[in-house]
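Reminder, nothing fancy here: chain letters follow the sequence lines and each chain counts from 1. Note that this is a predicted model, so its numbers are computed, not measured. Only heavy atoms go into these numbers, but all of them, side chains included; no hydrogens, no water, no symmetry mates.
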Number of protein chains: 2
Amino acid sequence: MSNEKIPYKIYLEEHEMPTHYYNLRADMEKKPAPLLNPGTGEPLTLEEMEPIFCKELIKQELDNDTKFVPIPQEIRDFYKMYRPSPLVRAYCLEERLGTPAKIYYKFEGNNTSGSHKLNSAIAQAYYAKEQGLKGVTTETGAGQWGTALSMACSYFQLDCDVYMVKVSYEQKPFRREVMRTYGATITPSPSNTTNIGRKILEEHPNTTGSLGCAISEAVEAATSREGYRYVLGSVLNQVLLHQSIIGLETKAAMDKYGIKPDIIIGSAGGGSNLGGLIAPFMGEKLTGKEDYQIIAVEPASCPSFTRGKFAYDFADTGKICPLAKMYTLGSDYIPAPNHAGGLRYHGMSTTLSELYDQGYMEARSVAQTDVFAAAEEFARVEGILPAPESAHAIKVALDEAKKCIETGEEKTILFGLTGTGYFDLTAYQKYHDGEMEDYVPTDEEIAKSLSSLPQID
Amino acid sequence: MSNEKIPYKIYLEEHEMPTHYYNLRADMEKKPAPLLNPGTGEPLTLEEMEPIFCKELIKQELDNDTKFVPIPQEIRDFYKMYRPSPLVRAYCLEERLGTPAKIYYKFEGNNTSGSHKLNSAIAQAYYAKEQGLKGVTTETGAGQWGTALSMACSYFQLDCDVYMVKVSYEQKPFRREVMRTYGATITPSPSNTTNIGRKILEEHPNTTGSLGCAISEAVEAATSREGYRYVLGSVLNQVLLHQSIIGLETKAAMDKYGIKPDIIIGSAGGGSNLGGLIAPFMGEKLTGKEDYQIIAVEPASCPSFTRGKFAYDFADTGKICPLAKMYTLGSDYIPAPNHAGGLRYHGMSTTLSELYDQGYMEARSVAQTDVFAAAEEFARVEGILPAPESAHAIKVALDEAKKCIETGEEKTILFGLTGTGYFDLTAYQKYHDGEMEDYVPTDEEIAKSLSSLPQID
């Protein structure tokens, strides 16, 4: 079909949709370093993880060898409700820019959770249901992951307990309300429902909460009751595995029309979207079949790839989770309060960290006012109002497309548009009102937070 | 293809998308009654309307004869960015209900405006651009239409002045912010920018505004400047014409798989969505080719079809717009303040009113707590969080599907899912908190507002 005119949107047909997840780790010669038990410094075993996580998900987490993992029919049925997501040819944007570049984006926002997070949420809820659990617990900051998990649990009729950082709970009542619509229980964290929550409230009665604290409460809520487990929406290998559906669909759609991207761009927070989008392309790169320029984009205010250190660190601020070897700014690192654009995790997926360290991808950091300017430029031509997180990738895609105007190169640019910004309008308002500031941490600040890294080799 | 398994979602391919709008009026033996000049009581002419409306749109408004109107390429290109919208087979819902019915819905919410309104907004913006105008003005209440028009104007680089009812402007800052992202100017109404606005503010300094007042300001803002016209998102024939894209896509998708709906259900406010969804089906019914049961669903608190009168009435509360013959509750009618579910227009499309009067469709009114219960039931299974407006149709679709459980009939039910509820979460919150009340106007209340109908025959 390669001679046909490429449509504005490529939708795979149902029978063309992926039947297996792709485990990128299987094609990596040097595997990502294992998670370590923070007590012993030894690699975590399935048995050690079982009280916290669902069994099948642990197996996926630890499995560096199985290349293709079948997607259970129940998950595929759910995917059919909102997938395939469209691969969009940005004709209108190209014309407005006057670029010879060909721009494509994979749009993951056409579902009520508003982002790609649902791809992994439904898989995790499925395995929890299969294990016969009553429910799952999790934490949420801005609320994207909590919403996705609520939807997934509602579908499988599982309890869903979400610990939502108190300041978000109060400032984002609409996110909370979406989760309630799907029957989830939302608790502002810290709360009186857990020991750790009560302890924190006693010590800091006026705290507005933190993601680290919410994680601690969610883990306690899972492990202190029969029939519950804790689930997480990014960073983990299992999440990247589920998110490979993004890249697999993208590649299938591109192959159908004989398109080969020169540059692949994704926003990077914990790595769930980037890891998913690039998976099959990176697989070809690792095995020497094809070459692609792959760019991770992160906020200048939380630059783990571009200014962090590749080392073992705590996965959470509360230092109760396993140690992961990753690009990190130190688990004490907290982006400046004026940072509105998401992607605020101090570390990065161990898989992506390993690939970055081996030179298979590059990274760029961008200022948030530039990100919102790119978001607006994109929205006005392509219609979609992007999530600030997604707009990091847009910014670099626009940069690259504009470079092509100068060089005359007809590069094919692919980027991941992970979601919509309908619940991020406070940030847009700040931007419109000229009240948004950029923030770049000093070398001293980063050195300080890195000084707390655990001593492991 | 009729023997194939029907997919979860049917997307037309680009080459299958409609190239013409369908003008239902051309197939009506008895045409809808013309709009009248409120001063003379005579049918409005193109010349009289030209200072207010775009010329080509007036032609479409007055043309009862041209059956197929070509969709200009520029509009078709824009449609390609967010259309075709999916026709979804609600397999998950059917299974959860245990109904033998086959349920389909046409989902119009996959665009940033969040609803079908964009279909007409882009057409109206195009004709304004073609006429060489600088910009357009409009009013918006909840903000769905204003958002759609902002997106459309941004695409064609037209000015977009939106008069937003002050109470919405203050209570829905996010809607406002989306419009600002698309470069629109949003003015809370009443405002100091128009004579009528200043007059109202002088008389009622503390008013929170009304749609009638916002219309008056928008019309003044259009007519008092060179190069501007006023546009409207519902009720008008031209809007139904543009919205026929919904029904045409639906019918093409159904025909492709040999599906014939027994029942077609749409929410009805001013009629833009219902008129668009049913257009080609109604055309077949009018010409005796097929028969369909067609149901309009309206809120019990604003029951123009089910409890209104078919008569000439003012199209706006301010009584400055043309008179239209329609089912109406009287232009003074205002739904109770606790009414959260949209669809609050006192009248109804003249075309749909005529068809209803002739017995081609039926109507039902539903209580808003039932509507939100249906919305939640739907969201938990099908994923999508519906707009309250859309949930009116869901309510009746669920009723009909549940009837089939009793009768064993395998009816094919089609309904229009016009949009998403991401900006309606205050209403959902009220519902979750048990603070939502139903309201049904008394016969006396309706009789009172109907007593102000103009005397025309």
Contact class of [X] relative to chain A, heavy atoms under 4.5 angstrom:
X	result
B/T426	both
B/Y82	backbone
B/F423	side chain
B/E14	side chain

Query raised in the report: What about the rings of B/F378 and B/Y105, do their centers lie closer together than 6.0 Å?
Result: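 When the ring centroids of B/F378 and B/Y105 are compared, they turn out to be within the sub-6.0 Å range.
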Under 4.0 Å between a Lys/Arg side-chain N and an Asp/Glu carboxylate O for [X] and [Y]?
X	Y	result
B/E16	B/K256	yes
B/K430	B/D424	no
B/E94	B/R89	yes
B/R380	B/E376	yes

Report task. Name the member of B/M151, B/H432, B/E13 that forms the most heavy-atom pairs with chain A at distances under 4.5 Å. Result -> B/H432
Query raised in the report: What residue in B/S154, B/A90, B/S113 has the most heavy-atom pairs under 4.5 Å with chain A?
Result: B/S154
Query raised in the report: Taking C-beta and beyond as the side chain, do B/V162 and B/W145 meet within less than 4.5 Å on heavy atoms?
Result: no
If you count heavy-atom pairs under 4.5 Å between each of [options] and chain B, which one has the most?
options	value
A/E382, A/R180, A/R175, A/R176	A/R180
A/Y11, A/Y155, A/Y428, A/F372	A/Y11
A/N111, A/L118, A/T181, A/V178	A/T181
A/V88, A/V381, A/L425, A/I384	A/L425

Report task. Measure across B/P18 and B/E249 and return the closest heavy-atom pair with its distance rounded to 0.1 Å. Result ->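 So the two residues come closest at CD-CG, 3.7 Å.
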